[in-house]
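In this text the structure is predicted, and so the values were computed from the model without any measurement. If you read the sequence from its start, that first residue is 1, and numbering goes on from there. Side chains are part of it too, since the values below use all heavy atoms of this structure and drop only hydrogens, waters and symmetry mates.
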Amino acid sequence: IALVVGAMAFTRHYSHPEAKYLWMAVGFIGAGLLDGFHTALTTWLSAVYFPTLLDAAAKWSEFAPRFFLALMLCFSGWSNQAAQDVNERFIYFMAAIVFVVCVYVFAISGLPVPQQAESLIRQPVELIPAALCGIAFLGFLKNGNWRDKARKFDHFAMVSLIAAAFSHGALMAFSQHPLDASFDLAHYAKIFAYLCILFGLLNSMRYAFQQAFHGDRRFREAVETLGEGFALYDSEDRLVVFNEAYAKLHPATRDIIKVG
């Protein structure tokens, strides 16, 4: 699901660039790849060849995608850059650095098992992504785009962040072992959070395409109302748009005047 959401976020960004969508795209793609790394690390081959490292590495590699995604969502929530201000190279560079650090620190460096057996909060590290999701929520709240009823993406994003914070802070933090009730509910909440972002992206893309369609139609209607001939060519001298008055100026070639 993470990879699908990431691909949709990339599509949304490149249809009308906004930094928040690109941060979200690299976050979900990175989380999906880290989930795949965790899956590979917990196969039977790891249990056979690295039995002493498996327990700690498995738990940290499971935590890594949650931390990575929460951090990228935090950047997304506090990003309010218009299309011309998006520094894509910087975003890709930062995401790559954080990704590599997550792989090394949480899966390779050999940290102890992140669990407190005698504490009420069994996995206190889960409070970190919960806090990051809360900070991201405040970012979306501050930006104020949720007030625009036509653009509903921020509504879905904020609901997703609430679900993610609940999953980390109220469920995973109290999970005693894999597959207990808290663990299962946390993963259901995680799936719900992912689906909220996916539906928000679909709604945002529909809105962007509608805006582009209506804008193009209004432009063509305005061109047709001009009293004089009008034609627009692109950089390769291909005809992009013209009006009826322009066609009448060239009666001999009227039948072959076409867009493109």
Do the side chains of [X] and [Y] join up, straight or via other hydrophobic residues, at under 4.5 Å, putting them in one cluster?
| X | Y | value |
| --- | --- | --- |
| Leu171 | Leu73 | no |
| Tyr104 | Phe63 | yes |
| Phe137 | Phe166 | no |
| Ile128 | Val103 | yes |
| Ile162 | Ile197 | yes |

Item checked: Residues in side chain to side chain donor-acceptor pair (under 3.5 Å) contact with Ser204, at least two apart in sequence or another chain ->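 Here the qualifying residues are Arg12, Tyr21.
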Checklist line | Residues that Asp154 engages under side chain to side chain donor-acceptor pair (under 3.5 Å), provided they are two or more places apart | finding: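 For Asp154 the side chain to side chain donor-acceptor pair (under 3.5 Å) partners, ignoring immediate neighbours, are Lys20.
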How far does [atom1] of [X] sit from [atom2] of [Y], to the nearest 0.5 angstrom?
| X | Y | atom1 | atom2 | result |
| --- | --- | --- | --- | --- |
| Ile29 | Leu34 | CD1 | CG | 11.5 Å |
| Lys190 | Leu69 | NZ | CG | 8.5 Å |
| Glu18 | Phe153 | CD | CZ | 9.0 Å |
| Met8 | Phe199 | CE | CZ | 11.0 Å |
| Leu198 | Ile1 | CG | CD1 | 8.5 Å |
| Glu88 | Leu22 | CD | CG | 5.5 Å |

Where do [X] and [Y] come nearest, in terms of heavy atoms and distance?
| X | Y | value |
| --- | --- | --- |
| Tyr194 | Ala2 | CE2-CB, 3.7 Å |
| Ala25 | Gly6 | CB-O, 3.7 Å |
| Val26 | Phe10 | CG1-CZ, 4.1 Å |
| Ala164 | Ala193 | N-CB, 4.2 Å |
| Ala31 | Pro65 | O-CB, 3.6 Å |
| Phe67 | Cys102 | CD2-SG, 3.7 Å |

Atom pairs and distances, donor-acceptor, side-chain atoms in residues 90-99, under 3.5 Å, two or more places apart:
| unit_1 | atom_1 | unit_2 | atom_2 | d |
| --- | --- | --- | --- | --- |
| Tyr92 | OH | Tyr14 | OH | 2.7 |

Notebook entry, point to check: Which residue pairs pass the side-chain hydrogen bond (donor to acceptor under 3.5 Å, both in side chains) test when at least one of the two sits in residues 179-188, sequence neighbours left out?
Noted result: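 Sorted pair list: Ser175-Asp180.
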Notebook entry, point to check: Which pairs with one or both residues in residues 64-77 pass side-chain hydrogen bond (donor to acceptor under 3.5 Å, both in side chains), sequence neighbours excluded?
Noted result: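 Matches after skipping sequence neighbours: Arg66-Glu126.
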Next item on the list: Would you check if Leu127 and His168 make a side-chain contact, meaning some heavy-atom pair closer than 4.5 Å?
Entry: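 Side-chain contact under 4.5 Å: no.
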Checklist line | Any Phe156 side-chain heavy atom under 4.5 Å of Leu201 side chain | finding: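 In short, these two side chains do not touch, never coming nearer than 4.5 Å.
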Check: Trp23 side chain to Trp78 main-chain N or O, any donor-acceptor pair under 3.5 Å?
Finding: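 No; judged by distance alone, with no hydrogens or angles, the pair does not exist.
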Item checked: Step-by-step side chain to side chain contact (heavy atoms under 4.5 Å, CB included) determination, Val4 to Phe28 -> CA-CA 8 Å; Val4 172; Phe28 277 98; over 6 Å; no
Item checked: Connected hydrophobic set around Val159, excluding itself, where side chains approach under 4.5 Å ->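 Result for Val159 is Phe192.
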